[in-house]
Amino acid sequence: MSIKASGGSPLARPQLYRTASILTITQAEQQDRFLQLGELNQLVSFLNSGQKRLEVADILTKNANILVARAADKIFVGGSAISYLERPQAAVIIAGDQSSRDKINELSGNIQGDFGQGFRSLFNAGGATPPGFKPINVLRYGTTRMRKSLRDLDWFLRYLTYAIVSGDPNILSVNIRGLRELIDNACSSAAAIVALREMRRTALAIFEEDIKGQDLVREYFNVVISEFEAPSLTDKLRKRESNDLQGLRLPQTYSQAGVSTPRFVMKSSLSADEKNLVVKACYRQIFERDIAKAYNLSLSNLESQVKNGQISIKEFIRSLGTSNTYRKQFYEPFVNSRALELAFRHFLGRGPSSLEEFQKYFAILSSTGLSGLVNAILNSAEYTDYFGEETVPYFRNLGEEPQECRNWGPQIDLLNYSAPFRKVPQFITLFSDYKQSLPDQHPYGTGNDPLSIQFGAIFPKENKDPRKRQAIFGKDTRRILVRQGPGIYNQISNPQVRPKSAGSLGPKIFKLSNTVVPTNSLAKFENSVDVITKVAYLRVFGREVYQEEKLILKPIEGQLKDSQISVREFIRQLAKSSIFRSLYWEPLYICKAIEYIHNRLLGRPTYGRQEINKYFDLAYKKGYYQVVDAIIDSSEYIETFGENIVPYERYTTPAGIALRSLRPGIIDQRFKKVISSKSSRFVELGTVKEIRSSNDIQSRIAQGVTPLRDQSVIFDVNQNSSHEVLEQALRAAYRQIFERDLNSFSIGGEFLDIELSFLNKQINVKELIQKLALSELYGKEFYQPYPNTKVIELGTKHILGRAPNNQAEIRFFNQILASKGLSAFVETLVNSSEYNSVYGTNTVPYRRFPTLPAANFPNTETLYNRLTKQNVSIVVPSFKKVLGNQ
């Protein structure tokens, strides 16, 4: 078998069932709205019942063995069925008195009943016996089949507790529907129904005095039985018209397990609010946001036509796809390949499936442009089959329909919210790999594991631009392993030297021996028991053992000191300890765990996938302990380490050696060239040579600039000012606020009223400044085109005559702008104590840089000397981070 290409695997995500909380929140998120009152009440009810659900699940778990035993007693005769359950029995926890013990005896019954007793108990369970049921003889059924049957009954109960805790009967529907045919082939579905009914009866007896608990147990057991009795669902087929496309079948249970994507269909019978929801769904699908909410845009003409039935949803989607908004957002910023991928996302709800399909639509896009591509997609048979004339396109991701396994990685990336931020095409690079015949490439990408352990890597480790393209090695590829010691000890060319020590060129060897080893030997051995145990801990666990952990290992260590076990058995017990399992088995997936365990116990990485597959098969069929025994009992371990040598590192990979070496370019600090640092002359002249006190420094900061640069004219107005003085002050206010003189007759009646009020002395200068800054023209020129930080700089320049003092002041004004808007920002500036102390009520604001601290002079100078309309960059304050400035 040869795999030519793979889309890589995305980060693993847990299966999301339709729980009450997930379903409610996901539906609101998909419709871009807040939770409604009914949904919030549903969540409150679900959360309030959480304690009862946990209590019921806990009691069922503690009674699991008795429930399974009573169920098995109903269908098996001629032996003790419960003895085949592969875990110890648990006690019933109902109450602490004698009545609880009586309840236990009543529930447990006589497991080893005869055939007549088991047959008579059928008529006490209630309900009609399923047709075709016959009690099963334990001896004839066989040990293996008995263990599987008891395991299956325990599995039913376990999934029942999952559903109770999550409040989601869908878990049972997904996992149980279709098992009836499977069990009929192996055993008898009628017997399984009898056992499930008996488990339900026993569980209801446990909650005899708890009405709410009984209701929960009855509800979920009824779901289990009804779903088991129901026929299996047919597979979901993918509608395709070309034979170059794959992925045609999907089990219905898989599509039912996930959170379904809502369908929006426009009907003439819908209310006005429902029609608005359908239109917003079109915006979210095509523009990936509600443009009326995000950009304050509205296509009112098209909306009215689609709501009145003059055009269909399909034509409405066509108009959105050929609009200038879509062109600017998803066509002009991208190359044609990426624009094509985004168009498939928006109009078909999926990514391109094959190279032939990509080439077909790429030719259309290149020859006819965006409108031709949109028309070709909307006129396709696939669009008609899935969406028709009135359905809004939706994402057809994993779970919605069958997907090509080769396109999984790019397909999931394309349907992510962040897809428009990725400029590089993904599908065309994947399709190019189809033509490269590389045997059995690693399906999870080259960037998964940059360390020496590379085989078995599944999940990407890179956070920035992860490389998901397949690795160029296959299942028959053998690792290049480097051995410490002479080159002639290479294992491939000279395998007979595998047990031979590398001598002084290799690692130090620790061997437990009752005889004294000569010190002049090339292989220097250490034989102290304390040293052996310490080295074994370091080798097996990869670290020293904590004091609490030593209490667990103390009996094993005592056996080694008393010579009851060998070093090999000591290593075996360490590898089977809970400490080793918690480090290298439980937190890792199996392939990675095998890598670590093999390297720790045998002193080398695995050769390749064939060796990993051997241990993987052993772990799956016989468990973790058999993997440890297989490694320690292997001929390689016995030849190399024997009974009394602690395992040591014999081989490593070239990547592992590279990580341990300090090479120039990897470690920048080594072999770094020393460069003489000779400062410039102007730096030497500007260096402060004397010691200055804090008062001296503060006085220098506050000294400002020379008063010769002070502004010569300040426009003041009082009650006795003439009409000419008021005119001059008005023009000065225009120049200060709008940075130009205005002709009130050419800009509308808004300023005519302001001018008349000021010239008639009905408002003062301060109120004039406030009205000008709150005018529609000021908002259009200095508020709408700029971000908040630039608006703050312009506001302080126009009203306070300076640049912002520091970042703290910018943050303060930014909070006001973000929460209350421009009017609150202007009122804060005009009514500030600084404005009142400097300008008062009758002085036009002016440039104040000569009176400000010298540290703020460069910012104000830059702000005033910059052409506002030609330069939109932000003047960043030049202060260093000191106390009081941030």
Item to check | Residues R604, E636: salt bridge by 4.0 Å N-O rule | outcome: yes
Checklist entry - Can E549 and R543 be counted as an ion pair, charged N to O under 4.0 angstrom? => result yes
Roughly how far, to the nearest 0.5 Å, is the [atom2] atom of [Y] from the [atom1] atom of [X]?
X: I597; Y: T606; atom1: CD1; atom2: OG1; answer: 12.0 Å
X: R650; Y: T640; atom1: CZ; atom2: OG1; answer: 4.0 Å
X: I206; Y: I66; atom1: CD1; atom2: CD1; answer: 7.5 Å
X: Q626; Y: K621; atom1: CD; atom2: NZ; answer: 13.0 Å

Checklist entry - Does W155 reach the side chain of L150, with side-chain heavy atoms less than 4.5 Å apart? => result no
Next on the checklist: Whether R568 engages the ring of F641 as a cation-pi pair (distance to the six-membered ring centre under 6.0 angstrom, angle to the ring normal within 45°) should be assessed.
Outcome noted: no
Item to check | Residue list, side-chain contact (heavy atoms from CB on, under 4.5 Å) with K576, at least two apart or on another chain | outcome: R572, Y625, V628, D629
Item to check | Y624 atom OH, over 12 foreign heavy atoms within 6.0 Å | outcome: yes
Next on the checklist: Using the rule given for side chain to side chain contact (heavy atoms under 4.5 Å, CB included), can you reason through I632 versus L602, listing the C-alpha separation, both sets of side-chain angles and the distance that settles it, and then say yes or no?
Outcome noted: CA-CA 8 Å; I632 294 182; L602 208 53; over 6 Å; no
Checklist entry - Can you check whether F580 and Y584 have ring centres sitting under 6.0 Å from each other? => result yes
